[in-house]
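Note sheet for the following structure.
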Amino acid sequence: MRNKIKKLSNKLLEEFKKNAKDPSQVPYEESTSSAQSSFIVCAALAVLVFVLYYRLSHDFCTSEGLQDIKAHADFALNFYLNPEEFLKAWLRVPHMLWHLIVKFFQSRVHMPLWEAASFTCALFGVFSYAVTTWFLYALLRTYTTQKRLGLASLGSASLAIVGPLVMEWFADGYMGQFTPNPLHNPTHMACKGFGLLAMMTGIDIIRRYRGQEAVFFKGKKLYLYFGLFSFFSALAKPTFMYMLLPAGIIVILLDLLKSARKKTPPVKTVWNAAWKLAVATLPTCAYLLTEYVAIFFFGREQGASVVLTKPLEVWHFFSLNVPKSILLGMCFPIWMLLTNLGYFCKTVEGRLSVLGYLMGMLEFSVLAESGDRKDAGNFAWCMMAGMTIFFAVSVCRLMLSTMQQERDAKHITYVIFSWFLLFLHVYSGLSLYNIFGNIL
């Protein structure tokens, strides 16, 4: 028995070391698709995402009963250039980027309100799709030296629609599951693209001080880019930065500890990057603090505040069984993590995605707004932001596995099953919003 356990542990360790290699060291199949066909696929999928987001948002706006999009669109009308009126509206909703764009289309382009709201949602959806495509394309090009725009576009379009798995026999409907794509909430969807851009800039900064080549941005303005992207993400909705900033701090602290122990990279190099990153984040942190004061002291939530709760107390408002909720909402990323543990532990994007999801899940588990606002579960948005980056990195890893030259039966079965899980999430997202019935 002891020998069997030892053999199993050695096998697991060998597997960990195998997929902990830098992905660029693995041989990949050469691409056979033309650049022209990749451009066409990318454009066609962008149109598909735009139409789905527009039609679904319009259905929300015109349906009976109060919907998030309808409430936010109505509120967008309160933003006027008059300073006093603008301040009154801002105190109620400081994360007003989506609202300002809706107001522009409604007042300057003279679009009807529901069409302006739907068009804005669709624009942000395509923006997020484009950023995610860039994220996947750049990573694939870095690791494989190949330009796989078509494959990256397919992965990005899938990520624009993924939802929690539908298994009525396993759980009571969706039973408090959460999704990277809460399409009913326009402010969360508006912050996704900017949040991903901030993450991408952070990855480049970390890779630079590790002595690796930047993936997404060239030049010396990385810290400026990070400051801008994080600020616009907070302006759209603060919760993505609530998740990403603490996760990034943990990654840098781990690198500081490693550099102090192994002297590679030098502690001074990591520290210089850390304080520059902190300075670049100051405007975002200042705005997040201003938002907090505005809402809870002068705005719509006067008398309320952020409080610590019993672990999972708020989560249980939505789900009777939290483990089931996590499993059905995160089946594909969990599968990719368990089968590629080395990749997620060693690479910058892998670490950041896992820590981001865990940080968002922790915030949702123990934080809430006091009073009647507690059952709103607003810190679930932090976890859904973490789900977004975890899903994206998992898709990247799946694509790398798909492109490998290794073609034995075990590998082929693994790749097919992994794509099956991903597309099951895509089907579930379509089913969650009844897109087959309402749109197709």
Side-chain angles (χ1 to χ4, degrees), residues 4-35 37-38 41-42 45 132-159 162 165 200 203 207 210 212-213 215-216 330-354 357 389-427:
K4 288 183 179 180
I5 294 175
K6 188 176 180 179
K7 285 183 180 179
L8 179 61
S9 63
N10 289 338
K11 191 174 181 180
L12 291 174
L13 183 60
E14 183 180 342
E15 187 67 23
F16 177 88
K17 290 179 178 179
K18 179 182 176 183
N19 64 41
K21 288 181 181 178
D22 188 295
S24 60
Q25 298 175 2
V26 177
Y28 295 96
E29 288 281 349
E30 289 292 332
S31 174
T32 57
S33 61
S34 65
S37 63
S38 296
V41 169
C42 185
L45 290 174
T132 308
T133 300
W134 180 17
F135 173 78
L136 296 172
Y137 173 79
L139 282 173
L140 292 180
R141 184 184 58 190
T142 297
Y143 289 135
T144 70
T145 70
Q146 298 182 37
K147 298 179 180 180
R148 294 293 191 105
L149 179 61
L151 187 60
S153 301
L154 175 63
S156 179
S158 301
L159 289 168
V162 292
L165 297 184
M200 290 156 63
I203 289 172
R207 285 179 64 92
R210 287 184 174 185
Q212 300 170 331
E213 184 183 358
V215 176
F216 309 103
M330 296 293 291
C331 187
F332 169 71
I334 290 173
W335 164 254
M336 293 305 297
L337 173 65
L338 294 177
T339 54
N340 297 276
L341 194 58
Y343 170 82
F344 282 94
C345 289
K346 292 291 184 179
T347 62
V348 180
E349 67 272 13
R351 280 190 179 188
L352 200 53
S353 67
V354 173
Y357 173 66
I389 62 176
F390 197 4
F391 260 96
V393 175
S394 297
V395 167
C396 176
R397 181 56 184 175
L398 174 56
M399 290 178 173
L400 290 171
S401 298
T402 304
M403 294 168 62
Q404 288 180 18
Q405 288 183 359
E406 181 182 356
R407 284 293 182 270
D408 60 12
K410 177 184 174 183
H411 181 76
I412 293 173
T413 302
Y414 168 78
V415 169
I416 292 174
F417 179 73
S418 299
W419 279 106
F420 168 79
L421 275 183
L422 174 62
F423 288 134
L424 201 57
H425 278 282
V426 173
Y427 167 79

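Worth saying up front: this structure is predicted, and the values here are computed from it rather than measured.
- Separation of atoms CG (Leu159) and CG (Leu422) is listed at 6.5 Å; rounding is to 0.5 Å.
- Under the 4.5 Å side-chain criterion, counting only non-hydrogen atoms from C-beta, Val393 is in contact with Tyr343.
- Scanning both residues, Ser38 and Leu149, for their nearest heavy atoms gives CB-CB, 3.9 Å.
- Within 6.0 Å of CD on Gln405 lie more than 12 heavy atoms contributed by other residues, nucleotides or ligands.
- Among all heavy-atom pairs drawn from Lys147 and Tyr137, the shortest one is CG-OH, 3.2 Å.
- When atom types are taken as modelled, the side chain of Gln404 and the backbone of Tyr28 share no donor-acceptor pair closer than 3.5 angstrom.
- Under a 3.5 Å cut-off, the side chain of Glu406 and the backbone N or O of Ser401 do not form any donor-acceptor pair.
- Looking at heavy atoms from C-beta onward, Tyr414 lies in side-chain contact with Trp335 at the 4.5 angstrom threshold.
- Annotation: the span from Lys21 atom NZ to Lys346 atom NZ amounts to 13.5 Å, rounded to 0.5 Å.
- Taking the six-membered ring where the residue is Trp, Phe390 and Phe344 present perpendicular rings, their angle passing 60° and hence far from 30°.
- Using a 4.5 Å heavy-atom threshold, the side chains of Leu400 and Val26 count as separate.
- For the residue pair Gln212/Arg210, the side-chain donor-acceptor check at 3.5 Å is not satisfied.
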Apply the test side-chain contact (heavy atoms from CB on, under 4.5 Å) to residues Asn19 and Arg397: give CA-CA distance (whole Å), side-chain angles for both, the deciding distance (0.1 Å), then the verdict. CA-CA 10 Å; Asn19 64 41; Arg397 181 56 184 175; 3.5 Å; yes
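- Annotation: side chain of Ser158 is not in contact with side chain of His425 (no heavy-atom distance under 4.5 Å).
- The CH2 atom of Trp134 lies 9.5 Å from the CZ atom of Arg141; values are rounded to the nearest 0.5 Å.
- Rounding to the nearest 0.5 Å gives a distance of 7.0 Å between CD of Glu349 and CZ of Phe216.
- Put simply, the side chain of Thr402 reaches to within 4.5 Å of the side chain of Trp419, judged on heavy atoms.
- Contact annotation: the side chain of Met403 approaches that of Leu151 to within less than 4.5 Å [non-hydrogen atoms, C-beta and beyond].
- Residues Asp22 and Tyr143 have side chains in contact (heavy-atom distance under 4.5 Å, counting atoms from C-beta outward).
- Contact annotation: the side chain of Met336 never approaches that of Phe391 to less than 4.5 Å [non-hydrogen atoms, C-beta and beyond].
- Interatomic distance, CZ of Arg351 versus CD1 of Ile203, reported as 13.0 Å (0.5 Å rounding).
- Residues Leu398 and Ser418 approach most closely at CD1-CB, 3.4 Å, considering heavy atoms.
- In terms of the side chain to side chain donor-acceptor pair (under 3.5 Å) criterion, residue partners of Thr133 (sequence neighbours excluded) are, by chain and number, Ser156.
- The heavy-atom pair separating Cys396 from Leu140 by the smallest distance is O-CD2, 4.3 Å.
- To the nearest 0.5 Å, the span separating CG on Leu165 from CG on Leu421 amounts to 7.5 Å.
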